[in-house]
Amino acid sequence: MPFTGEIAELTIGQLGLTGTKNPATVNVQSLLRAQNLSYSEGTLQKEPGTVKYNSSAISGTPSILGGHDWHPSDGTQRMVVMTSDGDLLRDDGAGTFGTTLASSLTATPDVVPQFVEGGKEAAANNRKLFVFTGLNAVQVVDGDGATSAAISTPPDDWTGENQPRVGEIHEGRLWGAGNTNDPHRLYYSTTTDHEDLKGTGSGTIAIYPGEGLGIVGVYAFRSGLAVFKHPRGIYFVDTSDPTVTNWKVQRITNQIGTAWVGTSTVVENDVYFVDIAGNIRTLQTTDEFGDVSSTSVSDIQDMDPFIRNNLSFASVRKWQMVYYTTKREVHIGCTGIGATTNNARLVVDLNRRELPRFRFSQFDTPVSLWTRMVLEVPELTGGDDAGFVRRMDQETRSHDGAGIASVFQSPHWDLAHIDPQLGILRKNGAFLEVVLEPKGNWNMSVDVLWDGETHETIQFNMGTTGASLGSFVLGTNRLAEEGLVNRKRRITGGGRRFGLAGSNSGDGQDFSVGRFYLHFHRGDEAIR
């Protein structure tokens, strides 16, 4: 017998995670939970997992404070990491990190090393990798050298532990800033030698020394340099004039800045950053409005309460932000409440540029984050607190051999967005139907919620995977289901507001959900 009630189409997760505490303001396409989730393929899926790059931990099991994908010459690829033991190590592809570039460097838990590629001032010169730490002389890896050395001709100010925290290559020069004995000053090298910051053609620029506590970010931006201070102050150094004496410093704002060294990153033609209040902002928006009244990226989904309630700002100096170009996502390695090391990632999906979507991950330990080229494609890479570098975003859907617990939760729909009268009526459930992409012979659990309470839990099989038509071998292959399929399960109960929460934690298991349909009958206006 055909169903005689009504069917409500429920498009889920199109706006990503929201942090609002007011259920009346939650958009019907937002999510109340988006943990270990991915939006990258247009559906709700379990977030990919990790695999260890080095099969054995680095000696001493240190934290990996930072890393860089280093290409000293065409066709040569290395990985350089800095550890909490004060070692600068290089791996040649074997996953052993067998080359010690430097040892006995000063490394505190909140050191976020900055890697800057330079050199090649002339065609015959080597490429060079500069490593800024704020406590050690800037280390220089010359080409594919097996050791690093202190920068050859630093400014007189860079002495002892008064060293620059950040650096950048701009206008053919190496720039550095953030040394504690003059934290408001930019230093720049000659154009003929990036290690020479004292010779003719080098110099310094004071950046509003009476504002903020010091420079913690420098980025080539448009025709100059964007300079970020902690805890407030953003400036632009216009270097477009060929005459150095005509360079100008302009204040963008003295109301907001970035939280620390690792809490900003270049994103295409913009810079994303976290301010000291936990707002995620962009430089272009701040440049346009010039003060705290500018709308932050996190405002769009009311994420600011979520950030403040779930992340520990006591350890914000350890946070690290990276742009993952392959999936157009900003990943922020951060500390959850009660943690002292980065044990979570807040992710901003930018595939809908006008509508950034948030999600929250908490199954790995992203002490540091960077990207590494694999088959000419950037791959998200991280360092943990136990001596391992990890290849992230892996189809294994597991972490250290354990399944990833992925959860999404819908708003509490009263269905008034479909018919205003439904907002005041009781809905009596009959069936819940899901549109999914088959992923394997396992289940996704769905909690059915009426008026905020879990009424029952039902199971949706994620289909079978096998050979498609055209590649099927009789007696060998199992025929796979094609494209999207619909699955329907009977439900009971009712209420004014309906919600659902989907989950799966199986090792190597995935789900891919497009939308749901609620089959229901209208009830009365009585409150039950």
Are a donor atom and an acceptor atom from the side chains of [X] and [Y] found within less than 3.5 Å of each other?
X      : Y      : value
Ser30  : Gln301 : yes
Thr192 : Glu121 : no
Thr282 : Thr285 : yes
Thr159 : Asn162 : no
Gln362 : Arg345 : no
Ser189 : Arg173 : no
Thr239 : His170 : yes
Tyr323 : Glu268 : yes
Lys120 : His194 : no
Glu117 : His68  : yes
Ser202 : Thr190 : no
Ser296 : Ser298 : yes
Ser264 : Tyr219 : yes

Inset, instruction - Supply the atom-to-atom distance Leu369 CG to Arg390 CZ, rounded to the nearest 0.5 angstrom. - result: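 Between atom CG of Leu369 and atom CZ of Arg390 there are 12.5 Å.
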Legend entry - Contacts of Thr335 that satisfy side-chain hydrogen bond (donor to acceptor under 3.5 Å, both in side chains) - sequence neighbours left out: Trp319
Legend entry - Heavy-atom donor-acceptor pair, Arg90 side chain to Asp144 backbone, under 3.5 Å: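 Indeed, once roles are kept as given, a pair shorter than 3.5 Å links the two residues.
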Inset, instruction - For Thr50 and Met392, indicate whether the former's side chain and the latter's backbone hold a donor-acceptor pair under 3.5 Å. - result: no
Inset, instruction - I would like to know whether Asp349 and Arg328 meet salt bridge (Lys or Arg N to Asp or Glu O under 4.0 Å); could you show each step before the answer? - result: CA-CA 6 Å; Asp349 182 302; Arg328 300 193 72 241; over 6 Å; no
Inset, instruction - Going by the ring-ring contact (aromatic ring centres under 6.0 Å, His included) test, name the single residue among Trp260, Phe221, Tyr272, Phe273 that passes it with Phe228. - result: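 That would be Phe273; it is the only one of Trp260, Phe221, Tyr272, Phe273 passing the ring-ring contact (aromatic ring centres under 6.0 Å, His included) with Phe228.
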Legend entry - Aromatic ring proximity Tyr235/Tyr208, centre distance under 6.0 Å: yes
